[in-house]
> 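Got a structure here, written out as structure tokens. Questions coming.
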There are 2 protein chains.
Amino acid sequence: MRIGELATRVGLSRDALRFYEQVGILSSDRLANGYRDYPPEAVPWLEYVRTAQALGFSLAEIAEHGEELTEASDQAAALSALFADKVRIIDTRMTELAALRAELTARAGTDCPLRKQPTPVARAGRRSGFPG
Amino acid sequence: MRIGELATRVGLSRDALRFYEQVGILSSDRLANGYRDYPPEAVPWLEYVRTAQALGFSLAEIAEHGEELTEASDQAAALSALFADKVRIIDTRMTELAALRAELTARAGTDCPLRKQPTPVARAGRRSGFPG
DNA sequence: CTAAACAGTGGAGTGCGGTCCAAGGTCAAG
DNA sequence: CTTGACCTTGGACCGCACTCCACTGTTTAG
């Protein structure tokens, strides 16, 4: 598959794919004419990359994981471990969000939700410390 | 309070504070000598900014919210509404994370977790489509 | 009086994750 | 043989959120 087809299949720009190659996330064979050639497996791989990105992994981290994977003797086990790692990261993130949520709901109900927040700006004449 | 004190109090650099002023998140009065002068309320305001950032709001968005706040006739109500908005955003995010988590755990247990993921690279000779 | 610690400005640089562009090569259809 | 779609490269540029720097002014302690 050439770059244009891959790009439309995964919903990325050709530029993005070339960029991914630069940063070590994606590799390609070359056709006789120099065009990049991708195996069908590139599609699920890029879907995986997108998932990882959605989880907050940087492209550098994803590339690292990819290398670990290619070096692992047991691919399936390595990937399972990677997934387990991600699940732990998700759990951490969800916990943080839950804490923030609790804080916000607690304050939203109060008379002055600003106990620890920006004191209401005086009705007239914006004071400093705030956007203005 | 001058910039240095505020910076150490909120754990930001002086440069960051000046940057926040540039982008409309923070304002300051000036002393006779030209030094920035901040009211004590700047501290909780910046804590709020950090919270909002943690929730994934861009500084531009935070600045926007800040303006809405300064323009609101009922400050407390406006902030409560803002908080409620954020709680909804958190909920959405948590739902997304839960979905990803479910997908990952489902796959991590399987024989070949790659049904929709990068097909295992051949043991020898890395194929293209993967990090390489 | 001087040195240090603080403040000001403008502008350049950073890292991330790309996008855009110009100049050119390749290939199939008409 | 030309047109158009596709591909190549390198390099410039973008937005975000800062950070660092040089150079200058102010204040305070010894």
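In the text below, chain A, chain B and the rest are named by the order of the sequence lines, each starting its count at 1. The structure presented is a predicted model; accordingly, all values stated were derived computationally and were not measured.
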> Evaluate the criterion salt bridge (charged side-chain N to carboxylate O under 4.0 Å, His left out) for residue pair R88(B) and D91(B); output intermediate values, then yes/no.
CA-CA 5 Å; R88(B) 275 193 284 106; D91(B) 287 348; over 6 Å; no
> To the nearest angstrom, how far is Q22(B) atom CD from dT19(D) atom C1'?
12 Å
> Take atom CZ of R30(A) and atom P of dT26(C), then tell me their distance rounded to the nearest Å.
14 Å
> Whether Q53(B) contacts dC18(D) is assessed here as follows: a side-chain N or O lying under 4.0 Å from the phosphate OP1 or OP2. Is that the case?
yes
> Without decimals, in angstroms, what is the distance between I25(B) CD1 and dC18(D) P?
8 Å
> Compare side-chain N and O positions of R36(A) against OP1 and OP2 of dT8(D) and report whether any pair is under 4.0 Å apart.
yes
> Is any side-chain nitrogen or oxygen of R14(B) closer than 4.0 Å to OP1 or OP2 of dA5(C)?
no
> Once rounded to the nearest 0.5 Å, what's the spacing between atom OG of S28(B) and atom CG of L6(B)?
10.0 Å
> How is I3(B) classified with respect to the nucleic acid when contacts are heavy atoms under 4.0 Å: base, sugar-phosphate, or nothing?
sugar-phosphate
> Separation of L6(A) atom CG from dC7(D) atom C1', in whole Å?
14 Å
> Figure out the CZ/P separation between F57(B) and dA17(D), and round it to whole Å.
13 Å
> Go through the steps to decide whether H65(A) and Y48(A) satisfy the test side chain to side chain contact (heavy atoms under 4.5 Å, CB included), and finish with yes or no.
CA-CA 11 Å; H65(A) 295 165; Y48(A) 160 84; 4.2 Å; yes
> Could you state the CD1-C1' distance from I62(B) to dA17(D), rounded to the nearest angstrom?
11 Å
> Take R2(B) and L31(B) through the side chain to side chain contact (heavy atoms under 4.5 Å, CB included) test and state the conclusion after the steps.
CA-CA 9 Å; R2(B) 286 175 308 176; L31(B) 299 171; 4.0 Å; yes
> Between D37(B) and R30(B), is there a donor-acceptor pair closer than 3.5 Å when you use the side chain of the first and the backbone of the second?
no
> Nearest whole Å is fine: how far is dG15(C) C1' from E61(A) CD?
14 Å
> Determine whether M1(A) and V43(A) satisfy the following criterion, side chain to side chain contact (heavy atoms under 4.5 Å, CB included), listing intermediate values before the conclusion.
CA-CA 10 Å; M1(A) 183 188 336; V43(A) 173; 4.2 Å; yes
> CE of M1(B) versus P of dC6(C): gap in Å, rounded?
16 Å
> Quick check on side-chain contact (heavy atoms from CB on, under 4.5 Å): which of L12(B), L59(B), I25(B) does F19(B) satisfy it with?
L59(B)
> Tabulated below should be each protein N or O lying under 3.5 Å from an N or O of nucleotides 19-24 of chain C; please produce it.
{"residue": "dT19(C)", "atom": "OP2", "partner": "S13(A)", "partner atom": "OG", "Å": "2.5"}

> Is any side-chain heavy atom of L46(A) closer than 4.5 Å to one of L17(A)?
yes
> Let me have a per-nucleotide readout for nucleotides 22-30 of chain D, 5' to 3', with B, S or -, counting only protein heavy atoms under 4.0 Å.
---BBS---
> Atom CZ of residue position R18(A) - does it have more than 12 heavy atoms of other residues, nucleotides or ligands inside 6.0 Å?
yes
